[in-house]
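Working notes, beginning with the structure itself.
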Amino acid sequence: MTVRICDDVEAAVSGVEDGATVLVGGFGMAGMPVELVEALIRQGASGLTVVSNNAGNGDTGLAALLAAGRVRRMVCSFPRQSDSWVFDRLYREGRIELEVVPQGTLAERLRAAGAGIGAFYATTGAGTLLAEGKETREIAGRPHVLEYPIKGDLALIGAHRADRMGNLVYRKTARNFGPVMATAATTVVAQVREVVETGALDPEAIVTPGIYVDRVVKVVPTP
């Protein structure tokens, strides 16, 4: 497998089709690949299903993608926070669908996609509105809900460094959903602050092996 080192973010998100499922890393703005998301706006794909921890913050990044009307469905754990006014407005106007997934279940559904697990049972959400319409069964005396993997056509993740083989190192809490999303998508694009020569990264610090990564682009974040 050859990792493509892209010259710019436009090249990194080329070829995304309408209706694609896009996994977007980040916990709030920590690890959010803002520049890749904004390049996706310019790329023009629409009718997207976006999977992320949050439903956008402020007016940039994922919030800007929502505001541009490109997202049909949002799958996330925390759709509302103090700065989620873009999503709030769209949802109240009936212009976007929402699937709320508990945070641990979201991470496990993504991990299951990468690990080839067909489905799994979880106690989280059992007996609540989140379990409506889902298969449930009792295991070890507790109710469990059947959950299915979430697989993306595209994953956009933010890492700290990459080498030319696509191996990724993250910085602190910016790591969050990046590693599991990198295993769960057909095409994985990473924006990084620095691209180094192969062998320059400490192998013990590499979290996402390059075998999972298709494209890397060096980005200087907007101040």
Side-chain angles (χ1 to χ4, degrees), residues 9-10 12-13 16 20-110 124-125 128-130 150 152-160 168 170-182 184-185 188-193 217-223:
V9 288
E10 279 71 25
V13 299
V16 181
T21 296
V22 182
L23 315 180
V24 180
F27 187 92
M29 295 304 290
M32 172 65 64
V34 173
E35 287 76 15
L36 285 178
V37 175
E38 294 186 342
L40 185 59
I41 298 172
R42 297 189 292 273
Q43 189 267 350
S46 62
L48 303 173
T49 293
V50 170
V51 182
S52 191
N53 186 69
N54 302 79
N57 302 83
D59 296 299
T60 60
L62 183 50
L65 183 67
L66 295 172
R70 303 294 171 76
V71 181
R72 177 186 65 82
R73 184 167 178 262
M74 190 77 220
V75 180
C76 67
S77 297
F78 294 94
R80 297 197 65 200
Q81 52 272 334
S82 61
D83 58 353
S84 63
W85 50 76
V86 173
F87 174 81
D88 290 355
R89 173 175 54 80
L90 293 173
Y91 186 72
R92 291 177 188 279
E93 293 173 354
R95 295 168 56 193
I96 191 169
E97 299 175 20
L98 171 66
E99 179 183 353
V100 176
V101 182
Q103 193 174 66
T105 304
L106 180 64
E108 187 64 6
R109 288 178 68 185
L110 291 163
T124 306
T128 73
L129 291 174
L130 296 180
I150 297 175
D153 299 299
L154 173 73
L156 303 179
I157 58 178
H160 186 52
L168 302 180
Y170 300 85
R171 186 176 185 275
K172 300 182 179 181
T173 57
R175 173 172 168 172
N176 53 74
F177 282 88
V180 289
M181 287 184 171
V188 176
V189 183
Q191 69 170 59
V192 297
R193 290 173 177 261
V217 60
K218 179 182 176 180
V219 169
V220 178
T222 303

Verify side chain to side chain contact (heavy atoms under 4.5 Å, CB included) between Leu154 and Val189, making sure each step is shown before the conclusion. CA-CA 8 Å; Leu154 173 73; Val189 183; 3.7 Å; yes

Quick one: closest heavy-atom pair of Arg70 and Leu40, and the distance? NH1-O, 4.0 Å

With rounding to the nearest 0.5 Å, note down the distance linking OH in Tyr91 to CG in Leu98. 5.5 Å

Counting N and O atoms only, with roles assigned by atom type, does the side chain of Glu93 sit under 3.5 Å from a partner on the main chain of Arg95, one being a donor and the other an acceptor? no

Looking at Asn53 and Gly26, would you say the former's side chain and the latter's main chain have a donor-acceptor pair under 3.5 Å? no

To the nearest 0.5 Å, how far apart are CD1 in Ile41 and OG in Ser46? 13.0 Å

Hey, is CZ on Arg171 packed in by over 12 heavy atoms from elsewhere, all under 6.0 Å? no

Between atom CZ of Arg89 and atom CD1 of Ile96, what is the distance when rounded to the nearest 0.5 Å? 10.5 Å

Expected output: side-chain Asp83 to main-chain Asn57 donor-acceptor under 3.5 Å: no

If we only count heavy atoms from C-beta on, is the Arg42 to Glu10 side-chain gap below 4.5 Å? yes

Roughly how far, to the nearest 0.5 Å, is CG of Leu106 from CZ of Phe177? 4.5 Å

Report yes or no: does Asn54 contribute a side-chain atom to a donor-acceptor pair with the main-chain N or O of Gly28 at less than 3.5 Å? yes

What I'd like to find out is whether the side chain of Val100 reaches to under 4.5 Å of the side chain of Phe78, using heavy atoms alone. no

Could you tell me whether the side chain of His160 reaches within less than 4.5 Å of the side chain of Leu168, counting heavy atoms only? no

Give a yes or no answer on whether the side chain of Ser52 reaches the backbone of Val24 with a donor-acceptor pair at less than 3.5 Å. yes

Using side-chain heavy atoms (C-beta onward) and a distance below 4.5 Å, is Val51 in contact with Val22? no

Check: Leu23 and Leu110 side chains under 4.5 Å, non-hydrogen atoms: yes

Please find the pair of heavy atoms, one from Val188 and one from Ala182, that lie closest to each other, and give the distance. CG2-O, 3.3 Å

So, for Ala155 and Met181, which heavy atoms are closest and what is the spacing to 0.1 Å? CB-O, 3.7 Å

Just by distance, do the side chain of Glu38 and the backbone of Gly61 share a donor-acceptor pair under 3.5 Å? yes

For Val86 and Ala67, work out which heavy atoms get closest and say how close. CG1-N, 3.7 Å

Within the supplied structure, the quantity of interest is the number of heavy atoms (other residues, nucleotides, ligands) at a distance under 6.0 Å from Arg72 CZ; does it exceed 12? yes

If you look at every heavy atom in Arg193 and Lys218, which pair is closest and at what distance? O-CE, 3.4 Å

Can Val34 and Met29 be said to form a side chain to side chain contact (heavy atoms under 4.5 Å, CB included), step by step? CA-CA 8 Å; Val34 173; Met29 295 304 290; 3.5 Å; yes

Ile150 and side-chain contact (heavy atoms from CB on, under 4.5 Å): which single residue from Thr105, Val180, Val75, Thr49 fits? Val75

Decide yes or no on side chain to side chain contact (heavy atoms under 4.5 Å, CB included) for Met74 and Leu62, but give the supporting numbers first. CA-CA 11 Å; Met74 190 77 220; Leu62 183 50; 3.9 Å; yes

Output, in order, the C-alpha distance, side-chain angles, deciding distance and verdict of side chain to side chain contact (heavy atoms under 4.5 Å, CB included) for Phe27 and Gln103. CA-CA 11 Å; Phe27 187 92; Gln103 193 174 66; 3.1 Å; yes

If I compare all heavy atoms of Val13 with all of Leu36, which pair ends up nearest, and what's the gap? CG1-O, 3.8 Å

